[in-house]
Asks: 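First, the structure itself, so that you have it in front of you.
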Number of protein chains: 2
Amino acid sequence: MELTERKRQILKVVVEDYIHTAEPVGSRTIAGRMGGSVSSATIRNELADLVEMGYLEQPHTSAGRVPSPKGYRLYVNELMERQKLSIDETEKINQSLHVKMEELDHLLAQAGRAVSAFVKYPAYITAASRRHVTAKRFDLLPVDEHKCIVVMMMSDSRVRSQLLRMQLKVDLEQLPALVTLLNSHFTAVSADEMNQRLMNVAEQVPPQLFLLLSQVIAYAADALDEAGQREIVTAGARALLKLPEFRDADKAHQLMSFLADSKEKLPMPEEEPMKILIGPENVSEALQDASVVVASYDIGDDMRGLIGVVGPTRMDYAAVAARLSGFAAGLTRLFEKQELPPKEEGKE
Amino acid sequence: MELTERKRQILKVVVEDYIHTAEPVGSRTIAGRMGGSVSSATIRNELADLVEMGYLEQPHTSAGRVPSPKGYRLYVNELMERQKLSIDETEKINQSLHVKMEELDHLLAQAGRAVSAFVKYPAYITAASRRHVTAKRFDLLPVDEHKCIVVMMMSDSRVRSQLLRMQLKVDLEQLPALVTLLNSHFTAVSADEMNQRLMNVAEQVPPQLFLLLSQVIAYAADALDEAGQREIVTAGARALLKLPEFRDADKAHQLMSFLADSKEKLPMPEEEPMKILIGPENVSEALQDASVVVASYDIGDDMRGLIGVVGPTRMDYAAVAARLSGFAAGLTRLFEKQELPPKEEGKE
DNA sequence: CTTTAGCACTCCGGGGAAGAGAGTGCTAAA
DNA sequence: TTTAGCACTCTCTTCCCCGGAGTGCTAAAG
């Protein structure tokens, strides 16, 4: 059977109406929306065809029609009109990102909340380094004879520091030598390689210095490890409760638990600037009845992040997609301006 | 009317039964729970008295009885048996806190999640400095001629660091002098005072150094400011959805929004080691139908934190109180061992 | 005076039954 | 091919009835 232009129009009307009402759409309504050029009976014939072709579903005989995942897919790919954000709204989005730049973590959390607030669905956000992070520069600052501060700059320009408590008294005069050793032997290599090299220099270094050295390396390996991991922040999960499909507390609880716990399983496409996953297109069990829209943004040249929105399959794809790319663009621009990771900040 | 011992026993039974079933408690049930020593008719007389005295309420004629806030209060103050945690459970609590110590932030989030998971109610947690935090020691590390890292140790031993981009080229030879200046003039004073002093030294310092100095001071003021603020972390809000009183999505949404947004308004008693606030005893509008249990813990000598649990007035006070003090004790001990804030860690 | 048994009464909640409403599918005509 | 008409289906709401749980009261017993 052929998918005529009129069928496509009808499908579009059904999807858009259902997105807003969450109620099955009847032939009368559709006829009305189409300007009265055709009667409801004609629409009914077309609807029967669309059901047969798998684009629509019928909750039961004598109910209106509801889009199937396949129907949403067609809508998203071909029927949906790309919304353009009003200048006003773009302004608001950028404003919501215009915070005093603090740590990346905080900024992400803030952005996640903002996205969720804008689109009225739960959101998640993450940043991941594009290449392997290594140590670029070390320094040790003496505090007193039992403590010193280790400062490490990483290859992506982020800085981390830590107060170290020394088990053995160390002659403060020797610290500069240790710093030189660190910078010459332990930069630009992986954590594993660091530990390797630590073993190699074991005999060349006085014991009490070696102890401190290994503390520093342990800290560095930790910090690099953490820096390489993607941490995912979620926000606005409670927005689900406002949706009719999650009025059932159990369903809502299920999806919220998924969002809170199984963060690794959230869709994380690597390539496309924006990706939409509808219902069963998701791999996660918990997302079979949900849709996800994800967009990527750049953090300087070395890092990349993703912002995603989770909602019912009956999601307002056009609106979400437009706002999401607005946010992605806003974030990219934000990080461009600052060049590389913005303010680097120590944190207890 | 007098509150006889038998009335107190009956009240206790009603509260404990209602806590577990969420159903109004009838006279038959109570008679059963009390060992059959009295008949249900007698209980009914007593119940009528307890209603009159305001300790119990009746949803409607011919329903069982439900505790009033006043009833819960009496229960908590006088009737409730302080639960002792099993060794096994104490073990589990401590284990859940036995994470690789990272930043305080992460630890708090972790602890919050653990508390919520243990008691099955939403939890919130915060840490606040007991006294004013000031800068204790500064250092500047040159990176290249356009960048340097500022490291600041604060009076509570926390360390923060930040990469600074210098607008003007600075002769690296001059950095040590600047560090000396920072340590002599800008330590142990408030952010306001810092800015004050910055003005005072303006003329004694070469212009390009002054620019860097003011960047450092601005960063320090920011960091100190942030360190003084209490950040509140909430966790496990979705646990609400499992409770019969929040099966209504709107009610749940309301309280969850409160938890997410109005963090400043969560109960934060300053003195007691543990405080229980029942329904209308809460000042916040949103907590009128909820109860809160808060406990405090120590972070070394200078800081103090609070962990709280939010639930329905029908909360299992004994269980929550026991677990909460378990957590508070665990946290206090954790920080004692480490002396002062644990690992200090830089974070982008 | 307190406790208890007995009993009528109240109220909630579940389970049809009935009816309204929305929407379909089919037929026959335009 | 489109449309009007119409019978039919299914859901959702409302109403009512009834069973069950629990009370309050009364009168008798301890």
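Chain letters run A, B, ... following the sequence lines, proteins first, then strands; residues in each count from 1. Scope of the values below: all heavy atoms of this structure, side chains included, with no hydrogens, waters or symmetry mates.
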Asks: Salt bridge between A:R6 and A:D49, side-chain N to carboxylate O under 4.0 Å?
Replies: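 So A:R6 does not pair with A:D49 through a salt bridge.
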Asks: Show the nearest heavy-atom pair for residues B:V283 and B:Q288, with the distance to one decimal.
Replies: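 Shortest heavy-atom separation between B:V283 and B:Q288 comes out as O-NE2, 3.9 Å.
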Asks: Residues of residues 8-17 of chain B with any non-hydrogen atom less than 4.0 angstrom from an atom of DNA chain D: list those, numerically ordered, please.
Replies: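 Heavy-atom contacts with DNA chain D come from no residue of residues 8-17 of chain B; none.
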Asks: May I ask you to say what B:S27 touches in the nucleic acid, namely base, sugar-phosphate or nothing, with a heavy-atom cut-off under 4.0 Å?
Replies: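 Counting heavy atoms under 4.0 Å across all strands, the contact made by B:S27 is with sugar-phosphate only.
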Asks: Look at A:R314 together with A:E245 and state whether they make a salt bridge at an N to O cut-off of under 4.0 Å.
Replies: yes
Asks: Compute the angle between the rotation axes at the two ends of the helix from C:dC1-D:dG30 to C:dA30-D:dT1, each taken over five pairs, rounded to 10 degrees.
Replies: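 Roughly 20°, once rounded to the nearest ten degrees.
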Asks: May I ask you to say whether B:E2 pairs ionically with B:K7, meaning some side-chain N is under 4.0 Å from a carboxylate O?
Replies: no
Asks: Using the test side-chain contact (heavy atoms from CB on, under 4.5 Å), find all partners of A:D17 that sit at least two apart in sequence or belong to another chain.
Replies: A:T21, A:V25, A:T29, A:R33
Asks: Is any side-chain N of the basic residue among B:K265 and B:E285 closer than 4.0 Å to the acidic one's carboxylate O?
Replies: no
Asks: Checking contacts here: which listed nucleotide (C:dT3, D:dA4, C:dA5) is nearest the side-chain heavy atoms of B:A41?
Replies: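 Nearest to the side chain of B:A41 among the choices is C:dA5.
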Asks: Counting C-beta onward and ignoring hydrogens, is there a side-chain heavy-atom pair between A:D316 and A:Y121 closer than 4.5 Å?
Replies: yes
Asks: Thinking salt bridges, do A:E81 and A:K12 make one under a 4.0 Å N-O criterion?
Replies: yes
Asks: Nearest whole Å is fine: how far is C:dG25 P from A:R28 CZ?
Replies: 16 Å
Asks: Can you give me the N/O atom pairs linking the protein to nucleotides 13-16 of chain C at distances under 3.5 Å, or say none if there are none?
Replies:
none

Asks: Without decimals, in angstroms, what is the distance between B:R6 CZ and C:dT2 P?
Replies: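 One finds 10 Å between P of C:dT2 and CZ of B:R6, rounded.
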Asks: Please tell me if A:S39 has a side-chain N or O lying less than 4.0 Å from either OP1 or OP2 of D:dT2.
Replies: no
Asks: Above 12 or not: heavy atoms from other molecules or residues under 6.0 Å from CD of B:E52?
Replies: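 No.
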Asks: Do the side chains of A:E89 and A:K92 get close enough for a salt bridge, i.e. N-O under 4.0 angstrom?
Replies: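 No, A:E89 and A:K92 are not salt-bridged.
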Asks: So that I can tick it off, tell me whether A:E57 and A:K70 are bridged by a salt bridge, with the cut-off set at under 4.0 angstrom between side-chain N and carboxylate O.
Replies: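 So A:K70 does not pair with A:E57 through a salt bridge.
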Asks: Can you tell me if B:R65 touches the phosphate of D:dT23, counting only side-chain N or O atoms and a distance under 4.0 Å to OP1 or OP2?
Replies: yes
Asks: Between A:D248 and B:R247 (salt bridge meaning N to carboxylate O under 4.0 Å), is one present in this structure?
Replies: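 No, this pair does not count.
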Asks: Using side-chain contact (heavy atoms from CB on, under 4.5 Å) as the criterion, list what pairs up with A:S96, not counting sequence neighbours.
Replies: A:A114, A:F118, A:F327
Asks: Under a 4.0 Å heavy-atom cut-off, which of residues 43-62 of chain A touch DNA chain C?
Replies: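 By residue number: A:R44, A:L47, A:Q58, A:S62.
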